[in-house]
Amino acid sequence: KGGPQRFAVLTDLHLLDVQSTGIVGRAVNAINNDPTINFVAVLGDLTSHGSLREMNLARQALARLDAPFLCIPGPHDISVGAEYGYEFFRRAFKKPQWKENMGGWIFIGLDTSGGSDSSLVWLDDQLAHLDRERPIVLFCHHPLGPNSGSERLANASEVLARFQQHNLRLVASGHAHRNQEEEFDGILFVTTVCCSTTQENNDGTQEKGFRVFTLNDT
């Protein structure tokens, strides 16, 4: 058994300039004031246009986190005019997909923006080597929940089918710029509002910020 895991989710920063980093700085301060948070997952659309300047602003703002952090890209993080789409994202944050083992849990960051076929090949490879009993948290930019509406990932059913023989417990996502929770087939699907001053929530609510999850013993 692993101990409780606590992590924060930040998503949809849509950074544009130095002024727009203010809300992220306040979120970082709040997260740093909670020493029980083990790590932070940043779920895409860190930038407005995927430019190197915006990506560096995101990297500098997130570097102030005391806890380790991991990022996945969103469609706004694909760099137009770069040699390849994730060139600037990779410079700032290394890999766009990752798997981590912490406290008995498996945490997977899946890129749902840069080409679903290659992401599914990568996911299949990761799952092939996992203990099927281990509980899994999946992070992705686009929602996978059945009631996510038009913002739901186009091939969400294909992604979820990969986990039928595994112990997927939670899917955390952004993209929809709203808070939503639903449970389906024993999986909790959670979407979090944006942490941005350059974008609004899609449901008209004013709340901005981040979400903290606590995972009990496995």
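On a predicted model such as this, the values are computed, not experimentally measured, just so you know.
Remark: the H177 side chain and the N201 side chain contain no N/O donor-acceptor pair separated by less than 3.5 Å. A donor and an acceptor atom, one from each side chain of N167 and E133, are nowhere located under 3.5 Å apart.
Counting heavy atoms from C-beta on, the side chains of V9 and F210 never come closer than 4.5 Å. A 4.5 Å side-chain heavy-atom check between E183 and F189 finds every atom pair outside the cut-off. Two residues are said to be in side-chain contact when any heavy atoms from C-beta on lie closer than 4.5 Å; W105 and I136 fail this criterion. Taking the side chain as every heavy atom from C-beta outward, S148 and E182 approach each other to under 4.5 Å. Looking at S79 and R91, their side chains never come closer than 4.5 Å, going by heavy atoms from C-beta outward. In this structure, I106 and L130 have side chains that are in contact, with non-hydrogen atoms separated by less than 4.5 Å. Counting heavy atoms from C-beta on, the side chains of F7 and V40 never come closer than 4.5 Å. Side-chain contact check for Y86 versus P73: some heavy-atom pair is nearer than 4.5 Å.
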Atom pairs and distances, side-chain donor-acceptor, residues 58-71, under 3.5 Å, sequence neighbours left out:
| from | atom 1 | to | atom 2 | distance (Å) |
| --- | --- | --- | --- | --- |
| R64 | NH2 | N29 | OD1 | 2.4 |

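What you find for L110 and L138 is that their closest heavy atoms are CB-CD1, 3.9 Å. In terms of heavy atoms, L168 sits closest to V171 at CD2-CG2, 3.9 Å. Of all heavy-atom pairs spanning C194 and D12, the tightest one is CB-O, 3.4 Å. Minimum heavy-atom separation, C195 to L10: SG-CD2, 3.6 Å. Looking at every heavy atom in both residues, T192 comes nearest to N179 through CA-OD1, 3.5 Å. Minimum interatomic distance between I72 and F89 (heavy atoms only, all atoms of both residues): C-CZ, 3.7 Å.
V42 and L16 are assigned to two separate hydrophobic clusters, defined by single-linkage of ILVMFWY side chains at heavy-atom distances under 4.5 Å. In the hydrophobic clustering of this structure, L46 groups with V24; members are Ile, Leu, Val, Met, Phe, Trp, Tyr whose side-chain heavy atoms approach within less than 4.5 Å, directly or through other members. V28 and V212 end up in the same hydrophobic cluster when Ile, Leu, Val, Met, Phe, Trp and Tyr side chains are linked at under 4.5 Å. With hydrophobic clusters built from ILVMFWY side chains whose heavy atoms lie under 4.5 angstrom apart, M102 shares a cluster with F139.
Residues passing the side-chain hydrogen bond (donor to acceptor under 3.5 Å, both in side chains) test with R6, sequence neighbours excluded: D34, T36, T214.
Of the inter-residue distances, the one linking H166 atom NE2 with R132 atom CZ reads 5.0 Å to the nearest 0.5 angstrom. The distance from the CZ atom of R162 to the OG atom of S119 is 10.5 Å, given to the nearest 0.5 Å. Rounding to the nearest 0.5 Å gives a distance of 5.5 Å between CD1 of I37 and CD1 of I31. Note that the NZ atom of K208 and the CD atom of Q206 stand 7.5 Å from one another [nearest 0.5 Å].
Not a single donor-acceptor pair under 3.5 Å links the side chain of R90 to the backbone N or O of P96. For the pair S196 (side chain) and Q199 (backbone), a donor-acceptor distance under 3.5 Å is present. A donor-acceptor pair under 3.5 Å is absent between the side-chain atoms of R169 and the main chain of I187, judged by distance alone. Listed for the Q5 side chain is no donor-acceptor partner under 3.5 Å among the backbone atoms of L215. Of the possible donor and acceptor atoms, one in the side chain of E54 sits under 3.5 Å from a partner among the backbone N and O of H49.
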Does the pair T191 and H175 meet the rule for a side chain to side chain contact (heavy atoms under 4.5 Å, CB included), with working shown?
-> CA-CA 8 Å; T191 303; H175 185 62; over 6 Å; no
Stepwise ring pair (Phe, Tyr, Trp, His ring centres under 6.0 Å) check, H14 with H76 | CA-CA 8 Å; H14 290 277; H76 281 263; 4.7 Å; yes
Could you walk me through whether I108 and L127 pass side chain to side chain contact (heavy atoms under 4.5 Å, CB included), step by step?
-> CA-CA 10 Å; I108 296 174; L127 293 176; 4.1 Å; yes
Stepwise side chain to side chain contact (heavy atoms under 4.5 Å, CB included) test for L144 and V159 | CA-CA 8 Å; L144 303 186; V159 174; 4.0 Å; yes
Under the side chain to side chain contact (heavy atoms under 4.5 Å, CB included) rule, what do N147 and Q180 come out as? Steps first, then yes or no, please.
-> CA-CA 9 Å; N147 295 307; Q180 181 181 355; 4.1 Å; yes
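If you run side-chain hydrogen bond (donor to acceptor under 3.5 Å, both in side chains) between H141 and each of T112, D77, D45, only D45 comes through.
R211 and E181 are joined by a salt bridge, as a carboxylate oxygen and a charged side-chain nitrogen come within less than 4.0 angstrom of each other.
Between F93 and F88, the distance separating the two ring centers is not shorter than 6.0 angstrom. For W98 and F107, the ring centers sit 6.0 Å or farther from each other.
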